[in-house]
Amino acid sequence: MKHDDYLCNWKRLKMKKLYIETYGCQMNVADSEVVASILKNDGYIPCSDPKEADLILINTCSIRKNAELRVIARGKQLQALKKNKHSLKVGVIGCMAERLNEDLFEKLKGIDLLAGPDSYRNLPELLKKTSNNVKASDILLSTTETYEDIDPEHYQTGNITAFVSIMRGCNNFCSYCVVPYTRGRERSRPVQSILREIEQLNQQGFKEITLLGQNVNSYKIEDANTKYSFPTLLENIAKRYSQMRLRFATSHPKDLSEDLVKTMATFPNICNSIHLPVQSGSNHVLKAMNRRYTAEEYLTKIELLRKHMPDITISTDIITGFCGETKEDHQQTIAMMRKADYYYSYMFKYSQREGTAAAKLSDDVSDEIKGLRLQEIINLQQELSLKHNQRDIGKTYEVLVEGFSKRSAKQMFGRTEQNKVVVFDALNIEPGSYVNVIVENCSTATLKGKLISGFRAV
Ligand code: SAH
Ligand code: SF4
Ligand code: F3S
């Protein structure tokens, strides 16, 4: 639901405008929606133009050096808006605020406040402090914060699909990764709080929910009355909201259980699609990365998924050029990509992060070799993605319609449960409806289809 629908005009006029720019993972998108909710109670309404804003927040990511450099460059542009509007406040929140803390006041001299991922409740207090032109910061991490009583403002992902955070933090300490340091210890959000949010989304007409955590498989709530694991949580939601599609991210391969696979296979509204980051196909690199599975164990999980759901699509993350990665290791990653037959991959050059275990290893693969290896796996992924899509030609899929295609006003688009984008000629289908589409053509990234009769109106 859009804000305009439920805020009457007189109230809106009195509210100040908040612009949040979000970088990084889906969890940051969900967090920006938590922040928008906290600040709504403090008199701020989200807007989409930074020039209109009274408060600009940049929700940042520290995962790779480039991600941070981009934010610094953008932060300079945004803080410059203060020249024309002296009352404007600019803040940096999220993982970079956590990692760099007050160094950021040096790098971005115009910013007024910093808040780490567990300090968002404190934003109104921090803002008060900045009213006297004092710089304010809070980066204290918590072991318990899940923002369980906050109802996020779902304004960033349209009104058909939404992200719902089910846990925070990470305990896995993959050797290259900064997340356990920027997000703190893993903790699960109470079931009732998750169900409350999904019920609201259902009432607002959302049709697809993605449950989020750095490793959703380790979701765990245990108290005197309840015992929930990720599969039991998923089952509970799937049964209550059988008309909604359910997705989740991310699954750490070491914790992907047969229970989860069977739950996915049992409930038709849990999408047959999974993001299962492999990182590398070489056992010696996986060990150095502290991933705690071997390539063989990983492939066993893929077999299990395909045994129970033959039409499942599997996507992954790959880091290329990790410390000590040889030509042979790289070839093993290529072999893994072919064996796992990924539908999609997010591929990155290794970026050394200060304070992680891998920062003590030698970053010994040159940038040039990292670049060449990256290009090689990108090319391979394009080949695999195209083959995947070609195999769909002639098949019929149920598609959840999301809206009009950007390219043509005569075309609409949606997704299959396998998370593939399908474009088809249509003019007047209500977004949020399910339609049947027969695939007639494809590119690497998109299926092109024809609408066939019999759509499920919702
Ligand atoms: N929790 C998720 C992913 C979190 S970060 C998981 O474990 O899969 C998203 C991806 O960024 C990671 O899967 C990894 O491929 C990549 N990444 C993390 N740290 C990185 C680094 N230092 N250099 C390059 N890529 C990195
Ligand atoms: Fe990082 Fe590993 Fe945690 Fe994912 S599981 S967030 S890669 S430490
Ligand atoms: Fe980036 Fe923080 Fe997410 S480092 S990937 S925004 S958890």
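Computed from a prediction, not measured in an experiment: that's the story for all the values here. Order of appearance sets the numbers: ligands from 1, and atoms from 1 within every ligand.
Judged by the shortest distance from any of its heavy atoms, Gly94 lies outside the 4.0 Å radius around the atoms of ligand 3. Using a 4.0 angstrom heavy-atom cutoff, Arg99 does not count as in contact with ligand 3. Not close to ligand 3: Met27, with no non-hydrogen atom less than 4.0 angstrom away.
Polar contact check, Gln214 against ligand 1: a nitrogen or oxygen pair lies under 3.5 Å apart. Where the criterion is an N or O separation shorter than 3.5 Å, residue side chain and backbone included, Ser351 meets it with respect to ligand 1. Remark: ligand 1 and Asn215 share no N or O pair separated by less than 3.5 Å (distance only, no angle test). Polar contact with ligand 1: absent for Arg353 (N/O pair, distance under 3.5 Å). Inclusion of Gln279 in the set of residues having an N or O under 3.5 Å from an N or O of ligand 1 is warranted.
Ring geometry for Tyr346 against Tyr344 counts as perpendicular: the plane angle is over 60°, on a 0 to 90° scale with 30° as the lower cut.
Protein heavy atom closest to atom 2 (Fe) of ligand 3, with residue, atom name and distance, is Cys95 SG, 2.2 Å. For atom 3 (Fe) of ligand 3, the nearest protein heavy atom (residue, atom name, distance) is Cys25 SG, 2.3 Å. Among protein heavy atoms, the minimum distance from atom 4 (S) of ligand 3 is reached at Ser62 N, 3.3 Å. Among all non-hydrogen protein atoms, the one lying nearest atom 7 (O) of ligand 1 is Arg291 NH1, 3.5 Å. Considering only non-hydrogen protein atoms, atom 8 (O) of ligand 1 sits nearest to Pro277 CG, 3.0 Å. Asp317 OD2, 3.5 Å is the protein heavy atom nearest to atom 12 (C) of ligand 1.
The part of Arg291 lying near ligand 2 is the side chain, judged by heavy-atom distances below 4.0 Å. By the criterion of a heavy-atom distance under 4.0 Å, the side chain of Arg64, and not its backbone, is placed next to ligand 1. At a heavy-atom cutoff of 4.0 Å, ligand 1 is contacted by the side chain of Phe348 but not by its backbone. At a heavy-atom cutoff of 4.0 Å, ligand 1 is contacted by the side chain of Ile319 but not by its backbone.
The nearest N, O or S atom of Cys174 is not closer to atom 3 (Fe) of ligand 2 than 2.8 Å.
Remark: the backbone N or O of Ser62 is paired with a side-chain donor or acceptor of Arg353 at under 3.5 angstrom. Although no hydrogens or angles enter the test, the distance criterion places no donor-acceptor pair under 3.5 Å between the side chain of Thr232 and the main chain of Tyr228.
Every atom of ligand 3 with a heavy atom of Cys61 under 4.0 Å away is listed here by number and element: 1 (Fe), 4 (S), 5 (S), 6 (S). Of all the atoms in ligand 2, the ones that sit under 4.0 Å from a non-hydrogen atom of Pro180 are 8 (S). Atoms of ligand 3 found under 4.0 Å from any heavy atom of Asn28 (numbered from 1 in listed order, with element): 6 (S).
A heavy-atom distance below 4.5 Å is not found between the side chains of Gln352 and Tyr176.
Partner of Met96 under the side-chain contact (heavy atoms from CB on, under 4.5 Å) criterion, chosen from Ile72, Leu114, Ile58: Ile72.
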